[in-house]
Every structure is written in structure tokens, then in C-alpha cells.
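Below: the structure, in C-alpha cells.
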Amino acid sequence: LTETWQLRRHPTLFFAGQMSGVEGYVESAASGLLAGLNAAALAAGRPTSAPPRSTAIGALAYYASHADPAHYVPSNITFGIMEPLMTPPRGKMERKLAMATRALAALETWTRHRAA
């Protein structure tokens, strides 16, 4: 798969949910939403895109599309697969809050650029 949930050899086919190698109801729904947005973009002649790795769904799409197939383990969305902060705060909660704040800003920017 690509980060847009398209098959590499057949980019007009999209996979999502547990079949795509994610684990969990929220993750399956999120991958389906992203696959659906990209299928609609492709049908309308617009480019497909994936959210940045700093977002939860972007990190999951990156994980699913870049993992070694021979050793792939399905994953939930966790802070551990998200792109690390350049200068992380010391405290665990402060670090998670900083990652969440960065993710929301990145998702807003990605969404705005998709609509343009």
C-alpha cells in the first residue's frame, strides 16, 4: 500500500480497515475515511494525498506503507509511531500535549490544502 491507502501496482484500488493492516475500530474507520477521500479525489481528477506523519492517521498510513512486509505487525495509533518532536518537552504529559497540538495544526494545514 501507499500512504494514501492505494495499492502500489493498481493505484485505482484502495484498501482500508483491518484488511490494510491496521488494528482497532477507530483506526479502521480513519483509514477508510482517508481511502474514501482519496478515491473521490482520484475520480475527480485531483491528486491523492496523505496527512503528515505528525498526525495520528498520517503516522498510521506511513507505518502501514513503509513497514517490512515480512515482519509486519498490525498497529493501533500510538504516540510511538508518530513523527518525533524536534525538541520534546521533558515531561510525558507535556510531550503528548505538544505532539497533539502539532498534529492538530498539521491536520488543519493539510485539510486546507486539499480543499484548495
Side-chain angles (χ1 to χ4, degrees):
L1 292 177
T2 66
E3 290 178 50
T4 56
W5 304 102
Q6 293 169 272
L7 288 180
R8 292 183 194 277
R9 292 189 182 154
H10 301 282
T12 58
L13 294 177
F14 293 81
F15 275 80
Q18 289 181 326
M19 182 177 259
S20 66
V22 302
E23 199 168 71
Y25 295 118
V26 171
E27 293 81 355
S28 292
S31 68
L33 174 63
L34 187 54
L37 287 170
N38 280 311
L42 188 67
R46 295 189 317 268
T48 59
S49 66
R53 283 185 58 207
S54 58
T55 66
I57 188 59
L60 188 61
Y62 183 86
Y63 175 82
S65 64
H66 287 81
D68 177 3
H71 301 99
Y72 187 78
V73 176
S75 179
N76 294 88
I77 293 171
T78 67
F79 283 104
I81 66 170
M82 292 176 75
E83 191 173 50
L85 295 166
M86 300 233 344
T87 53
R90 284 181 108 65
K92 187 176 185 178
M93 287 306 287
E94 290 81 8
R95 191 169 45 253
K96 287 181 178 181
L97 181 58
M99 290 179 84
T101 300
R102 178 189 65 177
L104 289 172
L107 191 59
E108 183 177 328
T109 299
W110 177 76
T111 302
R112 194 171 37 250
H113 286 179
R114 277 187 52 84

Task: Residues which pass salt bridge (Lys or Arg N to Asp or Glu O under 4.0 Å) with R112, listed by chain and number, not counting sequence neighbours - done: E108
Task: Joint hydrophobic cluster, W5 plus Y63, side-chain heavy atoms closer than 4.5 Å - done: yes
Open item on the list: Less than 4.5 Å apart, side chain to side chain, heavy atoms only: is that true for W110 and H113?
Closed with: no
Open item on the list: For a quick test of reading the model, state the closest non-hydrogen atom pair linking Y72 to A67 and the distance between them.
Closed with: CD1-CB, 3.2 Å
Give every donor-acceptor pair under 3.5 Å between a side-chain atom in residues 23-37 and any protein atom, sequence neighbours left out.
unit_1	atom_1	unit_2	atom_2	d
E27	OE2	N76	ND2	3.4
E27	OE2	I77	N	3.0
S28	OG	G24	O	2.9
S31	OG	G17	N	2.7
S31	OG	E27	O	3.3
S31	OG	S28	O	2.9

Open item on the list: Which residues pass the side-chain contact (heavy atoms from CB on, under 4.5 Å) test with S54, not counting sequence neighbours?
Closed with: P52, E83, R102, A106
TODO: Treat each ILVMFWY residue as a node, draw an edge where side-chain heavy atoms are under 4.5 Å apart, and state whether L60 and L7 are in one component.
DONE: yes
Open item on the list: Do R8 and S65 make a side-chain contact, defined as non-hydrogen atoms from C-beta onward lying under 4.5 Å apart?
Closed with: yes
- [ ] Establish whether L85 and F79 are linked, either directly or via other cluster members, by ILVMFWY side-chain heavy-atom contacts under 4.5 Å.
- [x] yes
Task: Straight-line distance of E3 CD to N38 CG, nearest 0.5 Å - done: 11.0 Å
TODO: Using modelled atom types only, decide if a donor and an acceptor are shared between the side chain of R53 and the backbone of M82 within a distance under 3.5 Å.
DONE: no
Task: Approximate separation, where rounding is to 0.5 Å, of M19 CE and L1 CG - done: 10.5 Å
- [ ] Please answer: with hydrophobic residues joined when any side-chain heavy atoms are less than 4.5 Å apart, are Y62 and V73 in the same cluster?
- [x] no
Open item on the list: What's the separation between atom OG1 in T109 and atom CZ in R114, rounded to the nearest 0.5 Å?
Closed with: 14.0 Å
Task: Atom of P51, atom of I57 and distance for their closest heavy-atom approach - done: CG-CG2, 3.6 Å
TODO: Kindly indicate whether the side chain of V22, heavy atoms from C-beta on, has any atom under 4.5 Å from the side chain of F15.
DONE: no
